[in-house]
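Atoms within each ligand, like the ligands themselves, are counted from 1 in listed order. Keep in mind the model is a prediction, meaning the values are calculated, not measured. Atom set for the values below is all heavy atoms of this structure, side chains included, hydrogens, waters and symmetry mates excluded.
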Amino acid sequence: MCGIIACVGRGDDTLDTLVHGLSKLDYRGYDSAGVALTGSGDDTVEVVKRQGQLDALRRVLETARADGAEPRGTVGMAHTRWSTHGAPSDANAHPHTDCTGRVAVVHNGIIENYQALRDELAANGHEFRSETDTEVIPHLIEELFDGPEYDPADPEPAIREAVARLEGSFAVVVSVAGVETLFGARQDNPLVLGTSPRDAGSAGGERSEPRAGATYLASDVPAFRAFTDRVVYLENGEFARIDAEGWTVTGTDGEVVQTSVETVDWDPEDTGKSGYDHFMLKEIHEQPRALRQCLQGRVDEMGGRVTLDVDVDPERVQFVACGTSYHAALYGAELFRQAGVPAQAFLASEYATSPPPVDDALVIGVTQSGETADTLSALREARSRGARTLACTNTVGSTAARECDDVLYIRSGPEIGVAATKTFAAQQTALNALALSVAQERRRAGDVRDSLSALRELPGDVQAVLDESNAEALAEEFVGAPSYFFIGRGVHFPVALEGALKLKEISYGHAEGFASGELKHGPLALVTDETPVFAVVTGDGPLATKTIGNVKEVESRDAPVVAVTDGRSKVERYADHVLEIPEAPPRTAAVLANVQLQLVAYHVADRLGRPIDKPRNLAKSVTVE
Ligand code: G6P
């Protein structure tokens with residue numbers, strides 16, 4: 001995890017640019033934050049870093065500014081941390097420096113051979129001040145600087161050599177005191193280059209025009225989106241050099257790489273809170289728009305067809321995913337089975353260690369960020385065994401998008417809150433369309449026609465749920481319950497899992513989701529008159545009837561029952577409360593029911609005063625296995 005932002009060419013604005021960038025990246029981790037700046041003639045890189053959220057660093061910088069002692073420089077980099085090696089502390093915060101303070105490094109990922117490097121460097125007299133794996137990097141560079149062939153005018157060869165010795169996953173940016181150039185490298189962790197509009201013609205790794213404006217390196221585009229929309233997505237093994245003259249990208253062999261500058265099509269405002277108290281609430285309310293974007297140009301109701309930019313008709317499907325995306329994968333697998341395609345969903349971390357035979361399987365990685373290490377690992381495993389892979393992701397240019405054979409973008413717009421909301425709804429919707437496109441290939445036309453109008457109505461139906469939800473009042477009633485249970489069948493089973501995950505991750509309450517039929521096989525022992533049970537029951541078919549049976553089981557144990565329902569099954573007769581959704585077929589009802597449960601989780605957590613957008617110990621993008 002961790003977030004990096006670095007820039008050259010913003011003059012006096014460098015420090016503010018970095019702090020702004022960090023504020024856009026703290027979804028990647030928020031244990032500590034730090035900045036490092038340097039400028040022409042400096043002997044050391046000036047570093048300020050603090051344990052805690054970005055505000056702790058901001059306060060220190062404000063005090064320094066008031067005293068006229070703020071760090072200055074035209075070359076800067078900054079980091080927000082999610083701890084892997086060493087507890088959150090000032091010492092373990094990035095940037096890390098060498099013994100002399102000449103070299104500063106920010107890093108995202110894990111250096112797997114750090115202990116061996118550290119032992120070697122310590123034996124050569126290097127003194128380490130942190131418990132991190134990262135700190136070996138500046139010391140290693142310092143060691144190479146001391147070598148006979150080092151030319152102080154050009155630190156690049158030493159930095160390249162140091163990077164070549166690193167094993168594991170990393171995105172690193174290196175700054176050297178007095179050198180008005182930044183160096184970046186990536187291996188299995190994201191690093192993007194932002195270039196000013198006048199650089200537009202410099203694609204192909206050519207040097208851009210002199211003084212083309214500022215250039216940026218970051219873990220993710222929102223860090224510099226306020227300043228430019230022009231982006232180069234760096235690939236594994238690439239090395240970037242940015243300075244006031246522009247930028248170059250080279251491969252491991254030092255040869256210039258033909259890169260392309262892409263334009264991102266979302267607005268910087270998309271990454272602000274727009275008046276909502278939390279990003280999560282804003283993103284819940286953005287779902288109608290997110291789903292419209294997801295469906296745009298893909299559903300032709302008149303022609304009775306789904307048109308996607310991916311063309312698949314697999315013999316079988318294996319989904320790999322983590323967290324909320326795993327729940328979307330379970331949902332997708334159910335829809336593929338309904339389309340007549342054998343499909344299974346795997347937790348990505350389990351798939352990679354014990355992969356099932358792929359045969360003729362299409363392996364679909366569901367990952368909103370496209371950077372989740374466990375999911376990337378599973379996809380690589382599948383590819384190495386000959387499977388075709390497809391990334392279902394929100395992030396254009398992400399590692400998953402680039403490494404897979406095909407990509408299905410969910411197009412929900414950037415999501416900042418750690419708890420996934422609109423990306424889950426968009427994953428459900430995109431997978432729904434994908435499964436329909438396969439049903440269409442298999443001439444199960446009835447399936448497609450019935451579902452197309454429901455898909456078209458989905459954004460409006462989500463809006464209706466948002467406008468009329470009584471989830472806030474209900475949350476008030478159940479705040480502080482010892483446990484919360486969620487049940488559902490078929491496509492509503494993943495919704496039950498997701499409802500519970502959302503509640504536990506942001507409210508810290510104990511919550512569990514179960515397939516409705518499983519409740520009686522053990523979990524029922526935990527059900528009491530203090531434990532609300534949320535039952536997702538839609539339609540009036542056999543699945544609804546069976547779930548109503550399970551509702552009666554908990555009702556007779558005096559548990560408060562909340563039915564999430566369109567009212568057709570009359571489940572409300574056995575429920576204490578109802579969260580209503582518009583009538584819709586099960587596959588879209590699953591999206592609508594989930595919106596109600598998102599709101600319950602949000603309001604319970606809000607009532608408890610939890611840090612909703614940054615729950616403790618969690619990060620949005622988990623780039624370690
Ligand atoms: C983290 C986040 C979850 C997310 C999961 C998978 O654990 O906290 O909200 O569902 O990663 O992320 P992905 O980007 O692969 O969808």
Side-chain angles (χ1 to χ4, degrees), residues 1-3 25-31 82 84 108 188-190 219-220 222 278-280 283-284 290 319-332 345-352 363-380 389-401 403-404 407-428 430-431 494-495 497-508 513 594 598 601-602 605 610-625:
M1 233 101 25
C2 303
L25 286 176
D26 55 3
Y27 70 89
R28 300 181 67 85
Y30 31 82
D31 293 338
W82 185 80
T84 57
N108 169 29
D188 293 339
N189 272 274
S219 300
D220 201 358
H278 297 97
F279 281 112
M280 181 181 176
E283 288 156 2
I284 288 173
F319 285 93
V320 292
C322 308
T324 291
S325 293
Y326 173 65
H327 300 153
L330 286 169
Y331 167 88
F346 295 87
L347 287 166
S349 53
E350 293 295 310
Y351 185 97
V363 179
I364 303 181
V366 186
T367 164
Q368 79 80 21
S369 63
E371 301 294 350
T372 300
D374 288 322
T375 307
L376 293 177
S377 217
L379 287 167
R380 285 174 191 147
T389 54
L390 183 147
C392 174
T393 183
N394 195 30
T395 313
V396 177
S398 59
T399 306
E403 290 188 357
C404 286
V407 189
L408 175 66
Y409 286 113
I410 64 169
R411 303 182 188 157
S412 75
E415 186 176 72
I416 308 299
V418 165
T421 52
K422 66 174 179 175
T423 55
F424 178 67
Q427 285 169 340
Q428 288 177 301
L431 292 174
V495 174
L497 294 176
E498 176 60 9
L501 178 63
K502 216 75 321 176
L503 194 95
K504 82 178 86 163
E505 67 183 333
I506 60 166
S507 79
Y508 310 157
N594 186 63
Q598 291 169 345
Y602 174 82
R610 302 292 190 227
I612 289 178
D613 287 329
K614 296 175 193 164
R616 70 180 172 214
N617 305 337
L618 302 181
K620 185 152 197 73
S621 182
V622 183
T623 55
V624 291
E625 281 184 64

Novice: Are Lys620 and Asp220 within salt-bridge range, i.e. N to O under 4.0 Å?
Specialist: no
Novice: Just jot down the salt bridge (Lys or Arg N to Asp or Glu O under 4.0 Å) partners of Lys422, sequence neighbours excluded, or say none.
Specialist: Glu286
Novice: Between Gln368, Glu415, Glu283, which is the residue that forms a side-chain hydrogen bond (donor to acceptor under 3.5 Å, both in side chains) with Thr423?
Specialist: Glu415
Novice: So, using side chain to side chain contact (heavy atoms under 4.5 Å, CB included) as the criterion, who are the partners of Ala373 when residues are at least two apart?
Specialist: Glu625
Novice: Holding to side chain to side chain donor-acceptor pair (under 3.5 Å), I want the full list of residues that pass it with Gln598, two or more places apart in sequence or in another chain.
Specialist: Gln287
Novice: What residues sit with at least one heavy atom under 4.0 Å from ligand 1?
Specialist: Cys322, Gly323, Thr324, Ser325, Thr367, Gln368, Ser369, Thr372, Val418, Ala619, Lys620, Val622
Novice: Can you find a pair of side-chain heavy atoms, one from Asp374 and one from Val622, that are under 4.5 Å apart?
Specialist: no
